[in-house]
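Accompanying notes for the structure given below.
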Amino acid sequence: MCDLVARTGRLQQRYEDGSRLVAGCIPFRYINSEGNGKSDSGKIVQVLMISSSSGPGLLFPKGGWENDETVREAAVREAVEEAGVRGVLMDFLGDYEFKSKTHQDEFSPEGLCKAAMYALYVKEELKTWPEQETRTRTWLTIEEAVESCRHAWMKDALVEGFCKWHKEKMAKGEETTNED
């Protein structure tokens, strides 16, 4: 049984200009490539995706940003609750707007959402986590993740946000696995 409990309900949710504010992350790690013949560092980037609780396709952990936490704290909380991972929350990847069919309420009748997405270098996979009964987690290469992504805005966050960020970090020779 998991000692952690996922937050539920809408009482603490943040809204701005008719949009529900959401925080999330793209969890990533490096694995050693096995005999790929490339002359690079021999490391392959994998991202962690989770199953949706409301249909097919894979997602990145994300959820409502609540008024008693910072956006960074919300992104870290969602990674633990939905994906059961902890690590180093790194750089902001961008804001992504989308329309939620399942989360329309009095403050966002159109279901508009604005997600602040971050890169999260995974250091620990928890054996138990709050949403383990309703979600599975899967490590994928970037190419596999692009193909498996349920939502277009998450694909944009992966390709236009994470991949560009990661490429810039690597080009500068910056370490992407340590805290700032």
Original post:
Can you name the closest pair of heavy atoms from Gly18 and Leu112 and give their distance?
Top reply: O-CB, 4.0 Å
Subject >> side chain to side chain contact (heavy atoms under 4.5 Å, CB included) between Trp65 and Glu16, worked out >> reply: CA-CA 11 Å; Trp65 171 18; Glu16 178 181 273; over 6 Å; no
Subject >> Side-chain heavy-atom pair Met154, Met49 within 4.5 angstrom cut-off >> reply: no
Subject >> Shortest non-hydrogen separation from Tyr118 to Arg72 and the atoms involved >> reply: CE2-NH1, 3.6 Å
**OP:** Find out whether Lys62 and Glu78 are in side-chain contact, i.e. whether some heavy atom of one side chain is under 4.5 Å from a heavy atom of the other.
**Re:** no
**OP:** Could you tell me the separation between the CG atom of Leu59 and the CZ atom of Arg135, rounded to the nearest 0.5 Å?
**Re:** 6.5 Å
**OP:** For residues Ala75 and Gly24, report the shortest heavy-atom separation together with the two atoms involved.
**Re:** CB-O, 3.6 Å
**OP:** Taking all heavy atoms of Ala116 and all of Phe92, pick out the closest pair and write down the distance.
**Re:** CB-CE1, 3.8 Å
Original post:
If you measure from CD on Glu147 to OG1 on Thr141, what distance do you get to the nearest 0.5 Å?
Top reply: 9.5 Å
Original post:
Which heavy-atom pair separates Glu69 from Arg14 by the least distance, and what is that distance?
Top reply: O-NH2, 2.9 Å
Original post:
So Tyr30 and His166, would you call those rings parallel, tilted or perpendicular, with 30° and 60° as cut-offs?
Top reply: tilted
Subject >> Residues Glu160, Lys164: salt bridge by 4.0 Å N-O rule >> reply: yes
**OP:** Check side chain to side chain donor-acceptor pair (under 3.5 Å) between Trp139 and all other residues, then give those that pass, not counting sequence neighbours.
**Re:** Glu125
Original post:
Under the 3.5 angstrom rule, does the side chain of Arg20 hit a backbone N or O of Cys113 as a donor-acceptor pair?
Top reply: no
Original post:
Just how far is it from atom CD of Glu131 to atom CD of Glu82, taken to the nearest 0.5 Å?
Top reply: 4.5 Å
Original post:
Taking it one step at a time, do Leu158 and Cys149 satisfy side chain to side chain contact (heavy atoms under 4.5 Å, CB included)?
Top reply: CA-CA 9 Å; Leu158 177 60; Cys149 209; 5.8 Å; no
**OP:** Indicate yes or no: at least one non-hydrogen side-chain atom of Val22 is less than 4.5 angstrom from one of Lys114.
**Re:** no
**OP:** With rounding to the nearest 0.5 Å, note down the distance linking CD1 in Ile142 to SG in Cys163.
**Re:** 4.0 Å
Original post:
Just by modelled atom types, is the Ala74 backbone N or O under 3.5 Å from a matching donor or acceptor in the Glu66 side chain?
Top reply: no
**OP:** Measure the shortest side-chain to side-chain distance between Tyr96 and His151 over non-hydrogen atoms and say whether it is less than 4.5 angstrom.
**Re:** no
Original post:
Where do Leu48 and Gln46 land on the side chain to side chain contact (heavy atoms under 4.5 Å, CB included) test, with the steps shown first?
Top reply: CA-CA 7 Å; Leu48 182 69; Gln46 288 187 323; over 6 Å; no
**OP:** Please test Arg137 against Val85 for side chain to side chain contact (heavy atoms under 4.5 Å, CB included), starting from the C-alpha separation and ending with a verdict.
**Re:** CA-CA 10 Å; Arg137 53 189 179 195; Val85 292; 4.3 Å; yes
Original post:
Below 4.5 Å, heavy atoms only, C-beta onward: do Asp95 and Glu97 meet side chain to side chain?
Top reply: no
Original post:
Is any side-chain heavy atom of Cys25 less than 4.5 Å from a side-chain heavy atom of Phe60?
Top reply: no
Original post:
Under 30°, 30 to 60°, or over 60°: which ring-plane class applies to Phe98 and Trp153, parallel, tilted or perpendicular?
Top reply: parallel
Original post:
What are the two closest heavy atoms between Leu126 and Glu124, and how far apart are they?
Top reply: CD2-OE2, 3.4 Å
Subject >> Lys169/Asp91 ion pair, N-O < 4.0 Å >> reply: yes
